[in-house]
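Here, residue 1 is the first one in the sequence, and each next residue gets the next number. Just the heavy atoms: all of them, side chains too, but no hydrogens, waters or symmetry mates, feed the values below.
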Amino acid sequence: LDELPAGLMVVIIDDDPEILTSTSSVLQLAGARIIQAASGDEIIHKLVNVEQVPDLILSDFHLITETGIDVIELLRHEFNTDIPALLITGETSREVIEAIGQYGYRVLFKPLSAQDLVKAIVQELSHPSVVLH
């Protein structure tokens with residue numbers, strides 16, 4: 001498994017507790033500090049006490065009451081900075097992929113190996129995908 005930069009803080013948002021746990025474990029093993037939540041509200045609530053701006057946001061696309069894009073936008077607005085972000089989805093319909101593509105986010109498709117996930121994060125950190133606002 002590739003190593004992530006030391007002290008990297010990754011925010012993970014997924015409404016599936018099992019995926020949240022397994023993704024967190026993988027990234028912790030690779031050396032990241034994790035803050036996880038099931039929704040935008042929950043993550044904002046958890047980040048209130050954190051001084052550091054997250055280094056990366058990893059969000060599932062389909063959440064219960066919102067999309068991963070909503071959460072990414074919320075966090076970027078909250079911290080007033082373009083935090084690098086990756087979307088994960090099990091969705092393969094063209095409409096969804098095109099919709100995400102219009103925003104310029106890099107998308108990862110489930111199921112995702114630990115190696116691919118870490119690689120994608122390293123890639124995103126070194127060359128953030130350009131997001132058109």
*Straight-line distance of L75 CG to T81 OG1, nearest 0.5 Å*: 11.5 Å
_Going by side chain to side chain contact (heavy atoms under 4.5 Å, CB included), name the residues that satisfy it together with D41, two or more places apart in sequence or in a different chain._
S39
*Any chance you could measure K119, atom NZ, to L112, atom CG, to the nearest 0.5 Å?*
11.5 Å
*If you draw a 6.0 Å radius around CD in E18, do more than 12 non-hydrogen atoms from other residues or ligands fall strictly inside?*
no
_Whether the side chain of S126 engages the backbone of Q123 through a donor-acceptor N/O pair (distance < 3.5 Å, no angle test) should be reported._
yes
*Within the distance-only criterion (no hydrogens, no angle test), does the side chain of E124 pair as donor or acceptor with the backbone N or O of R106 below 3.5 angstrom?*
no
*Nearest heavy-atom pair of S24 and I34: which atoms, and what distance?*
OG-CG2, 3.5 Å
_Using side-chain heavy atoms (C-beta onward) and a distance below 4.5 Å, is F109 in contact with D116?_
no
*Restricting to pairs with a member in residues 45-58, which pass salt bridge (charged side-chain N to carboxylate O under 4.0 Å, His left out), not counting sequence neighbours?*
E42-K46
_Restricting to non-hydrogen atoms, name the atom on H62 and the atom on D15 that form the minimum distance, rounded to 0.1 Å._
O-OD2, 3.3 Å
*Please identify each residue that fulfils side chain to side chain donor-acceptor pair (under 3.5 Å) with D60, with sequence neighbours left out.*
K110
*Could you tell me which residues satisfy side chain to side chain contact (heavy atoms under 4.5 Å, CB included) with V50, sequence neighbours excluded, listed by chain and number?*
M9, R33, I35, L47, Q52
*asked:* Determine whether a donor-acceptor pair (N or O, by modelled atom type, separation under 3.5 Å) exists between the side chain of D14 and the backbone of I19.
replied: no
*I100: partners by side chain to side chain contact (heavy atoms under 4.5 Å, CB included), with sequence neighbours left out*: F61, I69, L87, V96, Y105, V107
*Trace of the side-chain contact (heavy atoms from CB on, under 4.5 Å) decision for V71 with V11*: CA-CA 11 Å; V71 176; V11 164; over 6 Å; no
*asked:* Side chains of L63 and D70, heavy atoms from C-beta outward: is any pair under 4.5 Å?
replied: no
*Output the distance between atom CG (L74) and atom NE2 (H77), rounded to the nearest 0.5 Å.*
8.0 Å
*Mind listing the closest non-hydrogen atom pair of L125 and P84 along with its distance?*
CD2-CG, 4.4 Å
*Between S59 and G68, which heavy-atom pair has the shortest distance, and what is it?*
OG-CA, 3.3 Å
*Atom pair CD1/CD1 of I43 and I57 - distance to nearest 0.5 Å*: 9.0 Å
_Point-to-point distance, once rounded to the nearest 0.5 Å, from CG of L27 to CD1 of I121_ = 4.5 Å
*Quick one: does R76's side chain have a donor or acceptor within less than 3.5 Å of a partner on I83's backbone?*
yes
*Grab the two heavy atoms, one from V118 and one from A30, that are nearest each other, plus how far apart they are.*
CG2-CB, 4.0 Å
*Considering residues at least two apart in sequence or located in another chain, which fulfil the side chain to side chain contact (heavy atoms under 4.5 Å, CB included) criterion with A120?*
L86, L108
_I72 CD1 to D82 CG distance, which is reported to the nearest 0.5 Å_ = 11.0 Å
*Go through the side-chain N and O atoms of E91 and S93 and say whether any donor and acceptor fall under 3.5 Å apart.*
yes
